[in-house]
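Here the structure is a predicted model, which means the values were calculated and not measured.
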Amino acid sequence: RTLDGFAGETLTLERDAAPRPGRGLAPDARTIENERYHVELRDDASVRVTDLRSGQVHEALHGLEDVADAGDEYTFCGLPDERPWTSDGLRGRVRVVAAGPVVSELEWSGTFRLPAGLTRRRTARSTRTVACPVTVRVRLVAGVERIEFRTAIENRARDHRLRVRFRAPGARADEPVRVEGHFAVLRRA
């Protein structure tokens with residue numbers, strides 16, 4: 001059997017690699033699991049992961065952070081003393097989109113209201129906001145020891161930097177670790 005992967009790759013499962021029945025399912029409307037991980041997608045698009053082998057729990061993974069960017073297309077230049085916008089406390093809709101024995105997948109959908117851009121002098125963010133629809137997908141594949149994320153944002157804002165935050169094991173709550181991945185612009189404002 002073959003499955004489409006997140007990055008365009010194809011996953012081939014040999015007959016001997018078939019998952020055990022009863023795994024890779026969605027225990028409820030916001031969680032999925034395989035042999036290794038139990039994953040919960042929360043209302044604010046963050047993820048809680050339990051390693052089923054070690055029992056270790058990782059909280060607040062996949063937080064989103066947005067700040068102004070007064071630089072050019074090559075150089076980031078944040079605004080002094082700006083407080084970042086985060087997805088903490090945001091509300092969206094969580095649903096299970098796949099709950100089979102091979103692939104389990106959750107989806108979060110919501111809308112971020114971000115400043116439309118910078119002011120004319122480029123020293124502050126606009127008070128006018130724009131709606132930026134966001135979809136987050138979290139996927140587990142039976143027999144695969146990784147959690148796959150796909151975050152799609154319809155970016156209608158200008159002059160900003162939006163990042164995904166992953167907290168490192170053992171890090172304090174105020175010390176997010178940022179992971180850079182592959183991003184694609186779906187549509188420019």
Side-chain angles (χ1 to χ4, degrees), residues 1-66 86-112 132-155 162-171 173 175-186:
R1 287 187 274 177
T2 61
L3 301 168
D4 290 330
F6 266 30
E9 79 268 8
T10 301
L11 174 67
T12 303
L13 296 176
E14 303 297 330
R15 284 186 187 258
D16 295 343
R20 297 188 325 257
R23 281 309 214 182
L25 299 177
D28 60 48
R30 59 183 57 244
T31 61
I32 54 175
E33 63 181 40
N34 65 7
E35 302 83 11
R36 180 66 188 262
Y37 299 110
H38 178 87
V39 178
E40 177 186 354
L41 185 55
R42 303 224 166 131
D43 288 335
D44 65 357
S46 69
V47 175
R48 180 179 194 256
V49 174
T50 303
D51 184 321
L52 296 174
R53 291 186 187 157
S54 70
Q56 187 171 16
V57 176
H58 303 279
E59 296 280 353
L61 302 174
H62 194 271
L64 297 164
E65 173 190 87
D66 186 79
T86 69
S87 57
D88 299 342
L90 189 66
R91 294 289 174 239
R93 181 175 156 241
V94 178
R95 68 186 183 105
V96 175
V97 291
V102 177
V103 174
S104 297
E105 192 170 325
L106 293 167
E107 178 184 82
W108 181 94
S109 56
T111 302
F112 300 162
C132 297
V134 178
T135 303
V136 175
R137 290 227 174 166
V138 182
R139 174 191 260 188
L140 291 174
V141 177
V144 178
E145 292 190 10
R146 77 170 172 253
I147 302 166
E148 299 175 350
F149 293 84
R150 176 184 281 172
T151 303
I153 301 166
E154 188 174 328
N155 184 23
L162 182 63
R163 299 192 290 185
V164 178
R165 301 177 304 174
F166 284 85
R167 186 166 296 136
E175 287 184 312
V177 172
R178 288 156 178 90
V179 176
E180 296 194 22
H182 301 290
F183 297 91
V185 176
L186 300 178

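E35 places a side-chain N or O within 3.5 Å of a backbone atom of G143 that can act as its donor or acceptor partner. At least one donor-acceptor pair closer than 3.5 Å links the side chain of N34 to the backbone N or O of V141. Side-chain atoms of N155 never come within 3.5 Å of backbone atoms of C132 as a donor-acceptor pair (strictly under, hydrogens ignored). Using modelled atom types, no side-chain atom of T50 and backbone atom of L52 make a donor-acceptor pair closer than 3.5 Å. Side-chain N or O atoms of S87 include one that pairs as donor or acceptor with a backbone N or O of L64 at under 3.5 Å.
A salt bridge between E105 and R150 is absent, with no side-chain N of the basic residue lying under 4.0 Å from a carboxylate O of the acidic one. Checked for salt-bridge contact, D51 and R36 meet the test: a charged N lies under 4.0 Å from a carboxylate O. At a threshold of 4.0 Å, the pair R30-D43 counts as salt-bridged, since one of the basic side-chain nitrogens sits closer than that to a carboxylate oxygen. Here R42 pairs with E40 in a salt bridge; the nearest charged N to carboxylate O distance falls below 4.0 Å.
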Inset, instruction - Before giving the answer on side-chain contact (heavy atoms from CB on, under 4.5 Å), spell out for V103 and R139 the whole-Å C-alpha distance, their side-chain angles and the decisive distance to 0.1 Å. - result: CA-CA 7 Å; V103 174; R139 174 191 260 188; 3.7 Å; yes
Legend entry - From CA spacing to verdict: side-chain contact (heavy atoms from CB on, under 4.5 Å), R165, T86: CA-CA 10 Å; R165 301 177 304 174; T86 69; 3.8 Å; yes
Inset, instruction - Start with the C-alpha distance between V49 and V57, add both sets of side-chain angles, then the distance that settles side-chain contact (heavy atoms from CB on, under 4.5 Å), and finish with yes or no. - result: CA-CA 6 Å; V49 174; V57 176; over 6 Å; no
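Within the model, atoms OG1 of T135 and CD1 of I153 stand 9.5 Å from one another, a figure rounded to the nearest 0.5 Å. If you take CZ on R137 and CG on L41, they are separated by 11.5 Å, rounding to the nearest 0.5 Å. To the nearest 0.5 Å, the span separating OG1 on T111 from CZ on R91 amounts to 15.0 Å. Here the CG atom belonging to L90 is positioned 7.0 Å from the CG atom belonging to D44, to the nearest 0.5 angstrom. L140 CG to T31 OG1: the interatomic distance, rounded to the nearest 0.5 Å, is 10.0 Å. If you take CZ on R146 and OH on Y37, they are separated by 10.5 Å, rounding to the nearest 0.5 Å.
Scanning all heavy atoms of the two residues, the minimum distance from S46 to A60 falls at CB-CA, 4.2 Å. The two residues A142 and P101 make their nearest non-hydrogen contact at CB-O, 3.5 Å.
Using cut-offs of 30° and 60° for the angle between ring planes, the H62 and F149 rings count as parallel.
At least one side-chain heavy atom of V134 sits less than 4.5 Å from a side-chain heavy atom of W108.
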